[in-house]
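Below is one structure; the comments refer to it alone.
For the single chain, residues carry numbers from 1 onward in sequence order.
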Amino acid sequence: MAEQAVLLILGMLRDVKNCDTAGRKGRQITVKENYMKEGNLSELSDFTVGLVGFGDIAKCAASLMTAFGVKTYYYDIFRADREVEKKYNTEYLPLDELLGKCKIVSLHVPVTPETKNMANDDFFNKMQKGSYIVNTARGELLDSEALVRALESGGTFYIFPKALEGDANAFCMKAKKYDLILVPSDNFGCPGYFRMAYCIDTEKVLRSLPVLEKFVKEEYGATS
């Protein structure tokens with residue numbers, strides 16, 4: 001999922017969707033000339049990236065961003081240790097400050113009663129105009145009506161890889177005139193994902209064995 005987040009950010013900044021359409025229509029030279037005149041393509045290193053949530057996927061995304069020379073900030077309800085922040089070359093910011101400082105915001109939190117529809121009107125209003133938001137987590141994190149209002153105000157572009165809560169077709173009809181990249185989540189189709197998941201699960205089991213052995217010995221007077 002971290003790779004997908006970076007992929008989609010690059011796709012937004014380099015206008016991949018519209019470039020692909022232009023290329024298929026034989027208009028690539030015209031489009032290239034327009035970009036040169038308008039100067040509206042950006043390097044990822046021109047931006048600061050804010051990570052909302054700082055679990056394993058967000059940490060991996062922070063590592064990938066470092067390769068592009070990107071400064072990242074993160075928000076999480078539990079601040080990481082200084083050593084962890086240094087390892088991933090990132091800094092903690094309260095959510096409101098992160099939204100105002102980072103022009104690219106990537107969501108990496110689970111759906112809970114506290115995070116459901118967290119990307120609402122107040123959330124978008126705190127972002128800079130012309131910001132980008134990436135959601136490789138869950139669709140329920142996003143208030144789709146608030147997103148449409150943000151798009152209409154010229155506030156954000158949005159990448160949407162997960163099913164929206166409610167009527168996704170209605171959202172797409174309302175938002176189809178905007179520069180959105182709408183893709184399914186494809187991470188579960190990657191063999192590498194399963195290898196990584198199995199390795200992580202195995203590591204957790206191995207770490208828990210000494211604790212389990214101690215418990216069995218104390219409770220039953222026997223070793224496993």
Can you tell me how far [atom2] of [Y] sits from [atom1] of [X], rounded to the nearest 0.5 angstrom?
X	Y	atom1	atom2	result
Leu98	Asp76	CG	CG	11.5 Å
Gln4	Ile9	CD	CD1	11.0 Å
Asn135	Glu140	CG	CD	9.5 Å

Is any side-chain heavy atom of Val105 closer than 4.5 Å to a side-chain heavy atom of Phe124?
-> no

Minimum side-chain heavy-atom gap Met118-Val52 below 4.5 Å = yes

Leu51/Ser106 under side-chain contact (heavy atoms from CB on, under 4.5 Å): CA gap, chis, key distance, verdict | CA-CA 5 Å; Leu51 305 170; Ser106 186; 4.1 Å; yes

Give the minimum heavy-atom separation between [X] and [Y], together with the two atoms involved.
X	Y	answer
Ala58	Gly53	CB-O, 3.2 Å
His108	Thr136	CE1-OG1, 3.6 Å
Phe47	Val70	O-CG1, 3.6 Å
Lys129	Lys103	O-CE, 3.6 Å
Leu141	Pro110	CD2-O, 3.7 Å
Ser63	Tyr88	OG-CD2, 3.2 Å

Verdict with supporting geometry, Lys71 and Glu91, side-chain contact (heavy atoms from CB on, under 4.5 Å) = CA-CA 9 Å; Lys71 176 61 182 176; Glu91 294 180 30; 2.9 Å; yes

Under the 3.5 angstrom rule, does the side chain of [X] hit a backbone N or O of [Y] as a donor-acceptor pair?
X	Y	answer
Thr72	Val49	no
Thr112	Thr115	yes
Asn120	Asp122	yes

Just wondering, are more than 12 heavy atoms of other shown residues or ligands nearer than 6.0 Å to NZ in Lys101?
->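 At most 12 heavy atoms, drawn from other residues, nucleotides or ligands, come within 6.0 Å of this atom.
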
Around atom CD of Glu85, are there more than 12 heavy atoms of other residues, nucleotides or ligands at under 6.0 Å?
-> yes

Partner of Phe54 under ring-ring contact (aromatic ring centres under 6.0 Å, His included), chosen from Tyr73, Tyr92, Tyr74 | Tyr74

side-chain contact (heavy atoms from CB on, under 4.5 Å) assessment of Leu44 paired with Met65 = CA-CA 9 Å; Leu44 181 50; Met65 294 294 178; 4.1 Å; yes

Check whether the side chains of Glu43 and Ser45 place a donor and an acceptor atom closer than 3.5 Å, and report yes or no.
-> no

